[in-house]
Each structure stands twice: as structure tokens, then as C-alpha cells.
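Chain letters run A, B, ... following the sequence lines, proteins first, then strands; residues in each count from 1.
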Amino acid sequence: MFYYLLKRAASLFLVLVGLAILIFVIARIVPGDPARIALGPLASAEQVAQMREQMGLDLPFHTQLWNYLVGLTHGDFGKSLLTSRPVSADIMQALPATLELVLFTIVIQIVLSIPLGVLAAIYRDTWVDNVSRIISLIGVVTPGFVLAIILQLMASYVFTFFPVTGRLDGGLDFSADVTGLLLIDSILAGRPDVFGDAFMHLILPATALAAAGIGQVMRITRSSMIELSGRDFVEASRAYGVPERVVTFKYMLRLACVAPLTILGLEFASLIGNAFIVEFVFSWPGIASYGVRTILQKDLNAVIGVVLVSGLFFVIANLVIDILLGILDPRHRLREGASK
Amino acid sequence: MMTTTPILDIDKLNISFSTYGHKSHTLFDVSMTINEGERVALIGQSGSGKTVTMRTIIGTLPMPPATIESGSIKYKGKELLSLSKRERDGLKGAGISIILQDPLLSFNPVLTIGKQMDDIVRFADIRYGQNRSADARKKHIIETLAKVQLADGTQIMGSYPMMLSGGMRQRVLIAMALLNKPRLLIADEPGTALDVTTQQEILDLLNALVRDEGLSLLLITHNLGVVREMADRVYVMERGHIVETGTLEEVFSAPKHPYTIKLMEAVPPLYGSRVRDIENNADKNTEIKISNISKTFVRRGGLLNRPIGEVQAVKNVSLEINRGDIFGIAGESGSGKTTLAKMLLGLYGPTSGDIQFNGKSLNELRGTVEFRKLVQIVYQNPGSSLNPKRTIADQLAVPLHFTGYDKAQIKGRVAQLLDMVDLPAHYASMYPHELSGGQKQRVAIARALSVEPEILVLDEPTSALDVLVQNTVIELLHRLREELNLTYVFISHDLSLMRNFCNKIAVMFRGEMCELGATKDVFANPQHNYTQALISSIPVISAEEENLKPKLTKQERAAVLATSTALGK
């Protein structure tokens, strides 16, 4: 298992280095002089040249890249032109909100889709299956931002107990400074009122984000379960008198989780992408709204920082999934270990 | 040991399946009795209703789509079909138990053997109100593993199924079936997924267990040789009907029903007057010359995919195949026969040595159109070697496209090819799933012949087919060889088929060729111990053949065969 993890971690590192180089190159290739943009159209040529020197833009390209990579090793993403603060500080401020939203979304996806998929498989071709099919279809075909707007409108006019924007009610005085995640920090601080309010704020944006994944994962869970129920070992367990509930929920479910988990790992990328839009709709103070603003302003250091951090979380999410798969299905890690 | 009290009594069982509103009758008035301590075989081809019968007895028949129309199944006088679910479940594994066919697929791949076996014991304990500790259960499991001659119980319990060899898995599977002390054991094609020498071990083991534990056995199989070694009484099933029944002696020496007679005749004999000797009447020029060929595979692994070891799959094999030969390459799994075949096809390059076709080296020929027109292959399983999404005509046209036929020619050639393999011309527009297994294999043969090759490599072309169908395909191959002047290289583990199909045979053993000669001579007087062991392990259907098999002492056998009782490596 250790060997398996080591291998996975090594590839994680390589992916990140590759991503950093790639995004840095792309940022330098796009037209437009960052120094000119930072100073505005009225600045003189000397001022721009001075700014370029200050930002290190006059150095040869490979030196710039090297300096940037060295900076990364101690968490230095450079300075944001937009906020004139270190990019790392900006990201640290915005990141927890997005992290909380995305994690909450994944929890919703897992909690809803896998049990629904199992139910649809057990009661296949009955009304339970049909209802689940319709739900998943709606989820898959509705773009996240459409659902976000619909939910917001409904919350404004019908279900008015749902807050429409933001992370926390303005009236509540609370600063999350342990983990940055409101749900966790409020429990740590013993503030049920904050927890409840943050929870209510999360539901609508997380639902809008989760919908597409729920549909997909549910269908995959269903077909995995159906496929497994015809396998020889399942029949053998039944024939040896292992109770049906154990066969379904212990033997089959465990294997049936492999495909949905793999999909969830891949979904994570589109989740981050969709979060950009959903955060915008719900005025969620996350990294996405920060990212959008910096892209529009051509604030290169900040853009690279946002992309790298998103990439980091994508890679970590997939590492976690790999570990889970290794636990669920030992063949994954045995195959790696067998060549030892 | 044997009494006349029935342990299982099936009376006039009728079962039907309904799928998409269409109802089909599967079992018709099936009646069958198994007495205490008796070994009964249920024989039939695939689709005859054997598996449905088996599932109905054990209680895993999915209902719906299946419906039991009428009939009764009594276990020790108790009617199973009207039993409460609770009582019925209580019999599973404890009264009636089963050994499924495939020793790999019958295990849960993600749980250790110990965990799976423990679950079986634990839930039976709960059901019967026993309260054994985890240690007591473990002790019981190790004892049961010892019954199937597996001594390393603790180590096996900690292993995952994929870590054991096929023979060991089959043994563990038998132990699993025995865990809750059943009285009736159902064995579904025992050992047929294994090599013949391992199969022999398993059959001996099952026979010993049935005798020592006083079990009753229901053997479900299509392999008549296995039936002869394992059964006292026989039922023959055809399309859901029991068409013949009697003692083993009665049915095997004087079969009455035409279907039984057909089945018996279809089994290729190993010795005796029914054996067919094949001669090569062609010009006998050397067509393929293999000289000192070896293939080594490098195993890679570790952090940077470094080479960490090698496996020598084929070691210094030299042989000559003449024009018109049906040359058999025999061997068990892992013997190197498939690697050798792939080198013949130019799919693997040899590590050392050379193959010459009509005097030209493979190194020159590889990748040329000329070579494609020279050697073609027919794969084992036509179900997976044909593309399910393309029509028969499309598939036959693929090789033609690459060898210079134009559109108009292709159409004519496809019709010609179908005619050649005795398929009607309108099959050209059908898809593989509309064809039976035998018909699909005919298409695969036609595809291989489309570019008019001189040499066909046949990789177990009939092992996925029922024995009756197998014979028609073999006849077709004989006819095509005459008509088209072909040379066959026949790869197989089925020695009784090879005895009747090949004129020359080479036996592969751990990468080396241990025996080579005319088929007749090799079977009459096998030289190598391994060949003797291999031939003597084949289940045959008459005492006459049994007596003619080579005799080996235990020591001689052990010298060439690794038993499947210990953890390897």
C-alpha cells in the first residue's frame, strides 16, 4: 500500500510542475503588456519600462520561468496587479468559500446518487426506477447556471426562507479562522446559529452544482449493480446461504462504488468550472469570482495562481479517489505491488 | 454406502421464462431422483436446460423472469417449492450446496478468501442459533481446507482469489461448498475450466470426498469423459426434456435415444477402432522451418518501470512443417504454445532464432502484403473475434481491402467465401449476434481464407463450441484443406481432438518442445513423461480406451506435474 501511495504521489508532483510551466508559458504568450495594463493608458513609456523592470518582465523568458518556479516552492505566487497584494494572500482568503461549496456539493452527490442508484437497481423496471431515470435526465440536461438562476428565483418568490446570496447573513458576527470552512469552524466555536445559517446558504448553490453529477453517478451505480447481480460470485454467495441484504449491501455495493468514484474524480474538474458560474450567480465570495475578475483584468500572476490552485485540488481529489479505489478493490494496488 | 432413500426427488417440473411479454417453456416434465450416497450426472449441451434445473434445485433461479408452472422438488421428503423463504434459505449451503463452474469468477475479487469463507459460516451460525467465536470458525475453515488437501490454511485465508493458481482456487471453491456440511453437492462442470492434468486431480478429490463424507452428488456437465469417472447413474437432457436415463453402464454401453447416440459418437476417441488417422497426401515440401527459436518477455515494474525479471516463454524450439500438414501444437496453459503461434504470425518477433516460410526469412516477410496473404489465423472465440457492430459482408471485406481487391470484386468474393463455408448467401447482410456459435466460427474461417492464404493458424477453433457443432467445423476444415491445398497449424490443449485431426503433433512443456512425431506414433508410444501424464489425464468414455492409456507411476507423474495443493513460488 505504501508503495502504491508513493507512486501516486510522485506522479501528482510531476503533474503539478508540468501544469505550472504550461500555464506560465500560456500567460506570457497571450498578447498585451501586463505593465502597461497595470499602469493604465496615461502612463509614459519610461514609467512602463520602469514597471517592466520592477516586475522582472525585462529578463530572458527562461529566467522569468525559473524565478517563478523557485518562488512557488515557498508559496510565493507573485503580486496581484488588481489588489496590489500577494496573490497567495488573496487566494487564501477566497479559497475556503469555494472549498466549502465544492466539498458540500460532493457530499450531496454521494449521499443522493449512490443510494438512489442502488434503489433503482433493486427495483428495476418499476416506478422507482422510472422516477430516478427522470430525475437523472433532468439533472444531466440542465446546465448548472440555468438551474442556479431558477433556484434563485424560486427562493426569492416561493421558498423565501432560503437566502439568495452570500455565505453568511450580514447580521451574524463570526470569523472562520481555524479551517476557513464555516460549517466546521462554527461547530468548533460552538455556534449552532452560524452553522444553521451557513448551511441554509450552501443548499441552493450546492444543489445547482450537484445536479449534473447526481444524474450521471446514479445511472452508473444502477448499471454497475445490475451487472454485478448476474456475476457468478454473487450467485455463489446466495447459494451458500449468505443473506440477500449482505450480498447486496456488502458484496455488490462495494464493487459497484468503483465506477461512480472514478467518475466523481473526473467530475471534479467540471465542478470547479461550473463553480465559477454558480458563484457568480449567488455572489459567493469564492476563488471563482476572484478568478473571473483577474482574468478580465489580465492580472497574470493572479490567473496563474488560481489555475494552479484549482489544478492542485483536482490532482489531490484524484489521489484521494485512487486511495479509496485501492481500499475498495485491492486488485488496484495488488497489481502495482505484484510487479515488485 | 448407497441406499435407495431419495435425497432429492424432482417430479414433473415445468418451468417457463417470460421476457418482454414473450413466454418460452424451458423445462418440460423433468423428473429426476438422487438417492442417498449416489452420484448422478445430468448431461446435455448448452441451452438444454441443465443450468435452469440446477438453479431451481439450489433456489437461485431469478423469478421473474422465470416461473415454475408445475411440479415438485422434494429434499429428504420436504417439498422445496412450498417452503417458507426462511427455511429455504436455511438449506442453502447447509443441505444442498454447489460448486460453480469457473473457479475465478465464483470468488468475490475484493475480499480475502478467509473473509468470504467466514461470512458463509457466520451467517449459517446465526441462522441455526450457533454461537461460535471467530477463532472457532477459523479453526473450522482450516479443517475444511485440509479436507481438500490444502495444508496452508492460514496463509490461504489471507490471500485474495487472484493470488492463487487455478487448481487451488478450484479446491478452495470445493471447501467453500462443504463449509456448512451439505448432504447434496451439485457440481457444475467441475474442472473443465482447468488444464486436463489439474482437472484429473480435482475429479479424484471430488470422488474421494463424496465417498468419505457420504455425500450425494449431482454432476452437471457436457463432458462425457468426466461423467464416466464420476457418476453411477445418468440423465440425458435435450431442449428441456429428459430423453434418456439409466445406470452409467446402461447408457454408455448401449445408448437408446438418438440424441444420446449422437452425443457419444461426437466425442473424439483417444484409442480404439473409431480413431481416425490423418495422412498428408500433398507434395510434402517443407513450408515452415522453425530453427532454434526463443522468446523472452521482460517483466517491468517498480517506480521507473525498470526491467525486473524475465520469463522465457519459448526455449530453443526447432521444427519443420510440410505443405499439407495438419500440425498440432499441444500444451497446457503457460506452455508457450500461444507465444509460438504468435511468432508464426509475425505478431511477436523472436528473441533469437528464425522462422522461414518457403525459404524466406520472417524478418523479410513481416509487414508485407505477401506475408498477409501467406498466413492467417482463426481465433478461439468467434463471439469476440468478430466485430458485433458490423455485418458479415463488411467483416469479410476488411482483409480484401488491404490486399488489392476493388469494390466490384469484393462483392463477388464475399458470396464465394460464404458458399465455401456452407453458409447461405443472404447471411452477408446479417450481424454476428444473429448467428449461432458454429456459424460465427464459419464466418471467422471464411474471413481468414478471404485472401487465399497457404497457411492457417487455428487457435483452439472449436473449444468454445458444443461437441456436436465441433464435429461439423472439423469436417469443414478437412474439406477446405483438400480443396484449397492448405497447411494447418492447430494449437490446442484438447489431445483427443488432436489425435483425430492432426497428422503430426508437437507437445510443449514449460516453453520447450518435449515430444514431436506423427500423431499415431506419439499416442501409441509417448516418449516423454509429460506427454504420458497428459494423455493419461484425459477422461475417456470407454473402458477399452482407459486400458490403452499410458500408465504412469505416482512418482513419474509427480516429476512432471506440480500439484495444486501448495502455494507456489
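For the pair B:Lys147 and B:Leu205, the tightest heavy-atom approach, listed with the atom from each and the gap, is O-CD1, 4.0 Å.
When atom types are taken as modelled, the side chain of A:Tyr251 and the backbone of B:Val110 share no donor-acceptor pair closer than 3.5 angstrom. Between the side chain of A:Glu235 and the backbone N or O of B:Thr60 there is no donor-acceptor pair closer than 3.5 Å. Using a distance-only test at 3.5 Å, with no hydrogens or angles considered, no donor-acceptor pair links the side chain of B:His433 to the main chain of B:Pro388.
Only the side chain of B:Lys115 comes within contact range of chain A, judged by heavy atoms closer than 4.5 Å. Interface remark: B:Asn180 contributes side-chain atoms only to the contact with chain A (heavy atom separation under 4.5 Å). Only the side chain of B:Ile58 comes within contact range of chain A, with at least one heavy atom under 4.5 Å from a heavy atom of that chain. When heavy atoms are compared at a cutoff of 4.5 Å, B:Arg88 does not approach chain A at all. Contacts between A:Arg238 and chain B at a heavy-atom distance below 4.5 Å involve backbone atoms as well as side-chain atoms. Contact of B:Ala94 with chain A is not made at all, since no heavy-atom distance falls under 4.5 Å. Using a 4.5 Å cut-off between heavy atoms, B:Leu91 makes no contact with chain A at all. Contacts between A:Val246 and chain B at a heavy-atom distance below 4.5 Å involve the side chain alone, from C-beta outward.
The neighbour count for A:Phe61 CZ, taken as heavy atoms of other residues, nucleotides or ligands under 6.0 Å away, is above 12. Counting non-hydrogen atoms of other residues, nucleotides and ligands closer than 6.0 Å to NE2 of B:His22 gives a total of 12 or fewer.
Contact count against chain A (heavy-atom pairs under 4.5 Å) is highest for B:Asn108 among B:Ile120, B:Asp89, B:Asn108. Each of B:Pro109, B:Ser97, B:Gly93 has some count of heavy-atom pairs under 4.5 Å with chain A, and the biggest count is that of B:Pro109.
Of the charged side-chain nitrogens involved, at least one lies within less than 4.0 Å of a carboxylate oxygen, so that B:Arg122 and B:Asp119 count as a salt-bridged pair.
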